[in-house]
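Just the heavy atoms: all of them, side chains too, but no hydrogens, waters or symmetry mates, feed the values below. Quick caveat: nothing in here was measured; it's all calculated off a predicted structure. Just so it is clear: chains get the letters A, B, ... in the order the sequence lines come, proteins before strands, and each one is counted from 1.
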Number of protein chains: 2
Amino acid sequence: METLVENQKVHICSGEFVIAVREAMNVISGKWKLPIIGSLCYGKKRFKELERDISKITPRMLSKELKELELNSIVKRTVHDTTPVTVEYELTPSGKKIKNVLDAMVKWGLEHREVVMVEE
Amino acid sequence: METLVENQKVHICSGEFVIAVREAMNVISGKWKLPIIGSLCYGKKRFKELERDISKITPRMLSKELKELELNSIVKRTVHDTTPVTVEYELTPSGKKIKNVLDAMVKWGLEHREVVMVEE
DNA sequence: TATACTAGTATACAATAGTATAGTAGTTAC
DNA sequence: GTAACTACTATACTATTGTATACTAGTATA
């Protein structure tokens, strides 16, 4: 399995490849990361807005996942000096580009579903 | 966040989208699925070959993951009537196409790493 | 008879991921 | 003064995921 990255053939087992895939996996794995990213695609959101948007998430998980996403430079956190304090979360440019990965997943997923349906 | 699939704009929250992404996530999530798929990219492999190929995997996990991949139509299992019995595993066409998703992940991962490096 | 090969399975445990429920601190409206 | 808003945190638990170690069954070789 080979892949073209910046005009260079890269072997699936090359160190860079593995690290890059792992990084992408980190960002989208887990139960709540995609719902959070999905919700932030429509623009900035406050903590409580995300909590209301994402059905059944607990504040503990929301807080934990937002911290991880911030650490990984996917989400930017901004504190506003209002009363009460409001905190806004938004996707970084890198966070927005995850869309390309999701697109590839949707494309594969739909094709795969069709293949499986025809087989059965 | 919108995406183009077969000339139709599909909303990120549409049922089909969510199911398709979840399906793709199922196939690549977990500690051992990518190493297994990676190893099978080079062609058919027997159980013991995979076990030797994939450093530190236990037969329990290899067996479990192969079963899941087979259930999801990513891997095909063929039993050969030799002595001792040999079993071959190979990627289905759908399994091979997961490469497109991995490519998108590599591309994003490499770009993201560069952005993060420049920032720090 | 003992060892090694095939492809796994069984049991018990450890580690990680996620849930449920309640509480914090500071300010504002009733 | 009490309730409600903000953005969380703390504690204790359950569930899922992965590990470690040993074992099975059938055949072939030394």
**Request:** Specify the separation, in whole Å, of atom CZ of A:R60 and atom P of C:dA20.
**Result:**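 The distance from CZ of A:R60 to P of C:dA20 comes to 12 Å, rounded to the nearest Å.
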**Asked** Rounded to the Å, how far apart are B:L62 CG and C:dA10 P?
**Response** 16 Å
**Prompt:** Which pair of heavy atoms, one from B:W108 and one from A:V27, lies closest together, and at what distance?
**Reply:** CH2-CG2, 3.7 Å
**Item:** Interatomic spacing from CD1 in A:I36 to CG in A:D53 - rounded to 0.5 Å
**Value:**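 One gets 11.0 Å once the value is rounded to the nearest 0.5 Å.
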**Message:** Taking the nucleotide of DNA chain C with the nearest heavy atom to each, does A:M61 or A:P84 sit closer to the 5' end?
**Reply:**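 The residue whose closest nucleotide sits nearer the 5' end is A:M61.
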**Residue among A:H80, A:K45, A:R77, A:K76 satisfying side chain to side chain donor-acceptor pair (under 3.5 Å) with A:E88** =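 Considering A:H80, A:K45, A:R77, A:K76, a side chain to side chain donor-acceptor pair (under 3.5 Å) with A:E88 is found only for A:H80.
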**Message:** Under the criterion side-chain contact (heavy atoms from CB on, under 4.5 Å), I'd like the reasoning laid out for A:E111 against B:K97: C-alpha separation, chi angles, the key distance, then a yes or no.
**Reply:** CA-CA 9 Å; A:E111 280 173 21; B:K97 279 178 205 147; 3.8 Å; yes
**Prompt:** Honestly curious: do B:V75 and B:L71 fall in one hydrophobic cluster under the side-chain, below-4.5 Å linking rule?
**Reply:**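 Each belongs to a different hydrophobic cluster.
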**Request:** Considering only heavy atoms of chain B and a distance under 4.0 Å, specify the first and last nucleotide of DNA chain D in 5' to 3' order that meet this criterion.
**Result:**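 Here the contact window of chain B covers D:dG18 to D:dA28.
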**Request:** Considering only NZ, NE, NH1 and NH2 on the basic side and carboxylate oxygens on the acidic side, decide whether B:E49 and B:R52 come within less than 4.0 Å.
**Result:**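 B:R52 and B:E49: not salt-bridged.
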**Message:** With a 3.5 Å limit on both atom pairs, tell me what D:dA30 is paired to, counting Watson-Crick and G-U wobble, or say none.
**Reply:** C:dT1
**Request:** Would you mind classifying the nucleic acid contact of A:K56 as base, sugar-phosphate or nothing, using non-hydrogen atoms under 4.0 angstrom?
**Result:**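 It contacts nothing in the nucleic acid.
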